[in-house]
Amino acid sequence: MKICVVGGGLSGLVSALNLAGTDQVDLFERRPIAGGCLGSYRIGDYWIEEYYHHCFAGDARLLALFDTLQVADQLEWLRGSTGYYVDGIIHPLTSPTEILRYPHLTLTEKARLGLLTLRSRRFDVAALDAITAKEFILDTLGPGIYSSFFEPLLKSKFGDRRDEVSAAWLISRIAIRSDRGAGGERLGYLRGGFQYLIARLCEEVERQGARVMLDSPVREIRRDGDGWLVDGKAYDAVISTLPPQVTAGIAGIDIAPVPYQGAACMTLALDRDVTDGIYWLNMKDAAPYGAVVSHTNFAPLAWYGEHIVYLASYFAGRFPEDYGQRMLADFCRRFSVSEEEIHWHRLAVDPYAGPVYTTGLGARLPAYEEHGLFLAGMFSPPNYPERSMNGSVIAGEEVAKRVLARYPDG
Ligand SMILES: Cc1cc2nc3c(=O)[nH]c(=O)nc-3n(C[C@H](O)[C@H](O)[C@H](O)COP(=O)(O)OP(=O)(O)OC[C@H]3O[C@@H](n4cnc5c(N)ncnc54)[C@H](O)[C@@H]3O)c2cc1C
């Protein structure tokens with residue numbers, strides 16, 4: 001059987017890995033590099049992700065993939081500390097003492113927040129899909145905690161669409177992040193970066209006979225008898241890992257759209273730390289980025305020889321051309337950094353960086369097969385109510401199983 005996989009991110013590569021031994025697989029990736037959202041820059045002698053990444057102890061399928069590809073020996077469990085930037089001041093918020101000292105919540109509000117965190121794993125996430133995160137927090141914790149704590153987080157993550165986001169998303173985020181000791185969350189990272197995983201995936205997929213074609217955007221998918229023509233080439237089955245509405249456009253079929261947002265992420269390097277040792281600094285003050293993620297306050301500085309910082313932001317609609325400059329200028333002014341101190345900077349922009357988890361989305365996700373076309377990606381059920389590397393690994397595995405079940409004789 002000839003199978004075409006569209007997209008060389010985790011979902012596409014994992015589906016190709018699961019089919020390559022039994023079928024003839026061609027994978028098409030639009031960009032000159034594989035990895036999709038998990039793509040990396042090569043800087044001197046190291047790799048660094050275009051978008052900050054870490055994994056969690058509960059990411060069972062991702063961790064199993066590390067074993068399969070023999071990259072597990074590169075996995076390090078590191079501590080990720082957090083903080084909040086309010087009125088020009090950095091507030092560490094990792095240890096119980098730091099949380100107690102935080103001046104922008106009352107003691108009662110902190111206690112309520114702590115209780116919600118403890119209860120977060122016990123909620124029925126499906127039932128929370130119908131309620132907005134805003135309604136849920138206002139009802140359970142009150143307006144003070146909403147405006148001083150959750151609204152800035154929702155705003156930095158979903159911008160103007162924050163009021164439409166479901167409580168299912170919020171509670172699952174709190175639950176996943178509730179596993180923290182006094183020194184911070186235990187988060188996984190690969191020595192050598194997640195590029196190590198992507199490179200091993202490509203190597204293994206190709207070793208099993210599949211072709212990974214970079215710089216190869218797919219422009220058209222058409223029905224051809226029982227099979228498909230992908231840019232004129234015949235295949236028995238096609239797996240698309242692109243957003244449903246993009247697949248619908250190039251395949252000329254009707255698939256319900258999933259609301260998406262874009263991400264713009266500035267990565268830069270300098271000689272010193274500017275976030276007081278904090279890994280993840282959320283911005284409450286208005287800035288052209290919602291968080292400052294100091295990668296080298298998480299992964300050891302010695303791996304890179306310079307401090308690496310991400311300025312993280314999400315956007316809807318058209319991305320403003322001068323946005324990168326605005327991010328950089330704001331960062332330099334706010335953190336008293338001169339432009340000469342910045343060794344290098346790169347801006348990554350992806351208009352389809354992840355779904356916006358609006359209420360009711362759980363019931364509207366596309367199936368793994370629509371009109372005979374196979375679909376897997378950030379919009380698949382394992383990536384609800386938050387997309388992740390683990391979710392995309394499962395989606396890739398699941399869609400491969402469905403292809404094999406549909407064509408049992410190969
Ligand atoms: C800012 C950010 C931070 C994140 N942080 C984390 C984290 O810390 N932990 C975690 O677990 N997850 C994180 N994620 C999520 C994780 O990166 C994704 O869930 C996962 O990588 C998505 O993989 P995918 O293959 O499903 O989609 P994608 O990575 O989007 O892959 C789709 C691929 O299709 C390609 N493509 C598009 N159009 C075409 C075309 N016409 N023809 C051919 N190819 C095409 C794209 O170039 C891309 O490579 C983060 C994501 C972002 C954006």
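All values below come from the heavy atoms of this structure, side chains included, with hydrogens, waters and symmetry mates left out. The structure displayed is predicted, hence computed values, not measured ones. Atoms within a ligand are numbered from 1 in the order they appear, just like the ligands themselves.
For Tyr352, no heavy-atom contact with ligand 1 is shorter than 4.0 Å. With a 4.0 Å cut-off on non-hydrogen atoms, Tyr314 touches ligand 1 through its side chain and not its backbone. Under 4.0 Å from ligand 1, heavy atoms of Ala353 appear from its side chain as well as its backbone.
Ring geometry for His54 versus Phe56: interplanar angle over 60°, hence perpendicular rather than tilted (30 to 60°).
Residues Phe298 and Trp280 keep their aromatic ring centres 6.0 Å or farther apart. The aromatic ring centroids of Phe150 and Tyr146 lie 6.0 Å or more from each other. Checked against the 6.0 Å centroid threshold, His307 and His295 do not count as a close aromatic pair. Aromatic rings from Phe149 and Tyr102 are positioned such that their centres are separated by 6.0 Å or more.
When Arg30, Glu50, His53 are ranked by how near their heavy atoms come to atom 17 (O) of ligand 1, first place goes to His53. Around atom 29 (O) of ligand 1, the closest heavy atom drawn from Ala376, Cys37, Gly9 belongs to Cys37. Of the candidates Val293, Asp59, Leu242, it is Leu242 that places a heavy atom closest to atom 37 (C) of ligand 1. Of the candidates His54, Arg219, Glu220, Glu386, the one placing a heavy atom closest to atom 8 (O) of ligand 1 is His54. Checking Val218, Val6, Val5 against atom 41 (N) of ligand 1, the nearest heavy atom belongs to Val218.
Considering CG of Leu17 and CD of Glu203, their distance stands at 12.0 Å, rounded to 0.5 Å. Atoms SG and CD, on Cys37 and Glu49 in that order, are 12.0 Å from each other to the nearest 0.5 Å.
The shortest contact between atom 12 (N) of ligand 1 and any protein heavy atom is with Met389 N, 3.3 Å. Protein heavy atom at the shortest distance from atom 19 (O) of ligand 1 is Ser388 O, 3.1 Å. Residue, atom and distance of the protein heavy atom nearest to atom 23 (O) of ligand 1 are Ser392 OG, 3.4 Å. Among protein heavy atoms, the minimum distance from atom 5 (N) of ligand 1 is reached at Tyr52 O, 3.1 Å. Distance from atom 30 (O) of ligand 1 to its nearest protein heavy atom, with residue and atom name: Met378 CE, 3.5 Å. Given atom 52 (C) of ligand 1, the protein heavy atom at minimum distance is Arg387 NH2, 3.4 Å.
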Taking only distance into account, with no hydrogens and no angle test, what donor-acceptor pairs under 3.5 Å do side-chain atoms of residues 125-138 form with protein atoms, sequence neighbours excluded?
from: Asp129; atom 1: OD1; to: Tyr384; atom 2: OH; distance (Å): 2.3
from: Asp129; atom 1: OD2; to: Gly360; atom 2: N; distance (Å): 3.3
from: Asp129; atom 1: OD2; to: Gly362; atom 2: N; distance (Å): 3.3
from: Thr132; atom 1: OG1; to: Glu135; atom 2: N; distance (Å): 3.1
from: Thr132; atom 1: OG1; to: Glu135; atom 2: OE1; distance (Å): 3.1
from: Glu135; atom 1: OE1; to: Thr132; atom 2: N; distance (Å): 2.9

Less than 3.5 Å apart, which donor and acceptor atoms pair up between the side chains of residues 64-78 and the rest of the protein, not counting sequence neighbours?
from: Thr68; atom 1: OG1; to: Ala64; atom 2: O; distance (Å): 3.0
from: Glu76; atom 1: OE2; to: Arg191; atom 2: NE; distance (Å): 3.0
from: Glu76; atom 1: OE2; to: Arg191; atom 2: NH2; distance (Å): 3.1

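Taking the ring axis of Trp228 as reference, the NZ or CZ atom of Arg223 stays within 45° of it and closer than 6.0 Å to the ring centre. A cation-pi geometry, defined here as NZ or CZ lying under 6.0 Å from the six-membered ring centre and within 45° of its normal, does not hold between Lys284 and Tyr84.
Ligand 1 has no nitrogen or oxygen under 3.5 angstrom from a nitrogen or oxygen of Asn383. Considering both main-chain and side-chain atoms, Glu29 comes within under 3.5 Å of ligand 1 through a nitrogen or oxygen pair.
If you number the atoms of ligand 1 from 1 as listed, the ones under 4.0 Å from a heavy atom of Gly7 come out as 33 (C), 34 (O), 35 (C), 44 (N). The Tyr51 neighbourhood of ligand 1 comprises atoms 1 (C), 2 (C), with distances under 4.0 Å to a heavy atom of that residue. Atoms of ligand 1 found under 4.0 Å from any heavy atom of Gly36, numbered from 1 in the order shown, are 29 (O), 48 (C), 49 (O). Taking every heavy atom of Gly377 and a limit of under 4.0 angstrom, the matching atoms of ligand 1 come to 26 (O). Of all atoms in ligand 1, listed by their number and element, those nearer than 4.0 Å to a heavy atom of Ser11 are 24 (P), 25 (O), 26 (O). Those atoms of ligand 1 that come under 4.0 Å of a heavy atom in Arg31, given as number and element, are 47 (O).
Under a 4.0 angstrom heavy-atom cut-off, Pro217 registers as being in contact with ligand 1.
Of all non-hydrogen atoms in Pro355 and Leu361, the two that sit nearest each other are CB-CD2, 4.4 Å.
Partner of Phe194 under the ring-ring contact (aromatic ring centres under 6.0 Å, His included) criterion, chosen from Tyr51, Tyr41, Tyr189: Tyr189.
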request  = Go through the steps to decide whether His104 and Asp87 satisfy the test side chain to side chain donor-acceptor pair (under 3.5 Å), and finish with yes or no.
outcome  = CA-CA 10 Å; His104 298 283; Asp87 299 336; 4.5 Å; no

